[in-house]
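Below is a structure I'd like to ask you about.
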Amino acid sequence: MTDTDPQEALEGDSFAKRLDFLCLNDPRGPFTNPQLVRRLEELGLPAPSSTYLWQLRKGKADNPTKKHMDALADLFGVPRDFWSNDATAAAVTSMINRLNGLKSSGATGEQLHRQLKGFTRKLGQGVAAESLVEQLDTLARLKDAGVTADTLSRLKDARVTNIAMRAVGLSDQGLNAAAAMIEQVRRLEGLPPEPSSTPDGQP
């Protein structure tokens with residue numbers, strides 16, 4: 001995570017600020033302009049030149065084509081209206097900020113990127129952004145209660161999301177109890193204890 005304030009990416013309607021925010025804060029990044037061009041090409045997506053991408057990020061060029069805007073949104077795993085819709089940009093910025101916060105529990109950039117893409121699909125299906133942000137807050141609280149990314153990564157993404165949805169609204173005491181039950185199941189299945197954590201979340 002960079003020191004960039006996520007909210008700065010939302011000031012005004014600047015495409016440059018939003019693009020630069022994604023480049024700096026993508027869970028797999030940060031990305032340089034040549035790296036982005038290479039990733040776009042590897043995925044078979046329309047790729048601008050590295051120089052033009054630099055101009056877009058710096059606001060030196062303010063006329064990105066729709067094909068490049070869509071390609072960049074797809075690469076970052078965000079909705080295509082991220083560039084033009086302030087509400088979408090605010091919600092996605094909050095999600096990215098929270099996803100990056102899970103890195104301290106051992107989650108990889110690729111895992112977090114897949115989670116972001118899953119949330120983007122749910123936004124497209126009409127799921128309220130506030131609900132998805134609350135799920136991420138609950139995942140963070142589960143992490144604080146002692147459930148590490150190693151455990152969550154053993155589950156399919158859909159199940160992780162379901163755990164978060166069912167845990168939304170639980171008190172800290174309830175989340176500690178959930179963490180303790182997960183630890184008990186690990187023991188029953190012969191798995192080692194969670195590293196450097198206990199069910200009550202104390203070091």
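Quick caveat, the model's predicted, so the values are computed rather than measured.
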Between Arg39 and Asp26, is there a side-chain N and carboxylate O pair less than 4.0 Å apart?
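Looking at Arg39 and Asp26, the cut-off is not met.
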
Let me check something: do Phe76 and Trp54 share a hydrophobic cluster, defined by ILVMFWY side-chain heavy atoms less than 4.5 Å apart, either directly or through other members?
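Different clusters: Phe76 never reaches Trp54 through Ile, Leu, Val, Met, Phe, Trp or Tyr contacts under 4.5 Å.
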
Nearest 0.5 Å, what's the CZ-CD distance between Arg28 and Glu110?
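Those atoms lie 5.5 Å apart.
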
Please examine the side chains of Gln111 and Arg114, heavy atoms only from C-beta on, and report whether any two atoms are closer than 4.5 Å.
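Yes, at least one pair of side-chain atoms sits under 4.5 Å.
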
Taking the side chain as C-beta and beyond, is there a heavy-atom pair between Ile96 and Val92 under 4.5 Å?
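Side chain of Ile96 against side chain of Val92, heavy atoms only: contact under 4.5 Å found.
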
Nearest 0.5 angstrom please: Leu45 CG to Asp70 CG, how far?
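The distance works out to 10.0 Å.
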
For residues Asp74 and Arg80, determine if any side-chain heavy atom of one lies less than 4.5 Å from a side-chain heavy atom of the other.
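Asp74 reaches Arg80 side chain to side chain.
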
Please find the pair of heavy atoms, one from Pro64 and one from Tyr52, that lie closest to each other, and give the distance.
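For Pro64 and Tyr52, the tightest heavy-atom pair comes out as CA-OH, 3.6 Å.
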
Closest non-hydrogen atom pair between Leu36 and Cys23, with its separation:
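It is CD1-SG, 3.2 Å.
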
Please report the shortest heavy-atom distance between Pro48 and Leu53, naming the atom on each side.
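So the two residues come closest at CG-CD1, 4.2 Å.
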
Does the Arg18 side chain pair with the main chain of Trp83, one donor and one acceptor, at a distance under 3.5 Å?
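Looks like yes, one N/O pair under 3.5 Å.
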
Cluster overlap Phe82 with Leu75, hydrophobic side-chain contacts below 4.5 Å:
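Linked within one cluster.
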
Could you tell me which non-hydrogen atom of Pro27 sits nearest to which non-hydrogen atom of Leu112, and how far apart they are?
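So the minimum-distance heavy-atom pair works out to CB-CB, 3.7 Å.
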
Shortest non-hydrogen separation from Val133 to Ala91 and the atoms involved
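In this case the closest contact between Val133 and Ala91 is CG2-O, 4.3 Å.
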
Could you grab the distance from atom CG of Leu132 to atom CE of Met95, nearest 0.5 Å is fine?
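CE of Met95 is found 4.5 Å from CG of Leu132.
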
Is it the case that the side chain of Asn100 and the backbone of Asn25 share a donor-acceptor pair, with hydrogens and angles ignored and the cut-off at 3.5 Å?
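Such a contact is found between Asn100 side chain and Asn25 backbone.
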
For the atom pair OG (Ser94) and CD (Glu134), what is the distance rounded to the nearest 0.5 Å?
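With rounding to 0.5 Å, OG (Ser94) is 13.0 Å from CD (Glu134).
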
What's the spacing between Asn33 CG and Arg57 CZ if we round to 0.5 Å?
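Spacing of CG (Asn33) from CZ (Arg57) equals 5.0 Å.
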
To the nearest 0.5 Å, what is the distance between CG on Leu56 and CZ on Phe15?
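Those atoms lie 5.5 Å apart.
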
With Asp81, which residues qualify under side chain to side chain contact (heavy atoms under 4.5 Å, CB included), at least two apart?
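Once residues adjacent in sequence are excluded, the partners of Asp81 under the side chain to side chain contact (heavy atoms under 4.5 Å, CB included) criterion are Pro79, Ser84, Asn85, Thr88.
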
Hey, are Asp20 and Lys58 close enough for a salt bridge, meaning a charged N less than 4.0 Å from a carboxylate O?
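Salt bridge between Asp20 and Lys58, a charged N being under 4.0 Å from a carboxylate O: no.
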
Which heavy atom in His68 sits nearest to a heavy atom in Pro46, and how many Å separate them?
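In this case the closest contact between His68 and Pro46 is CD2-O, 3.7 Å.
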
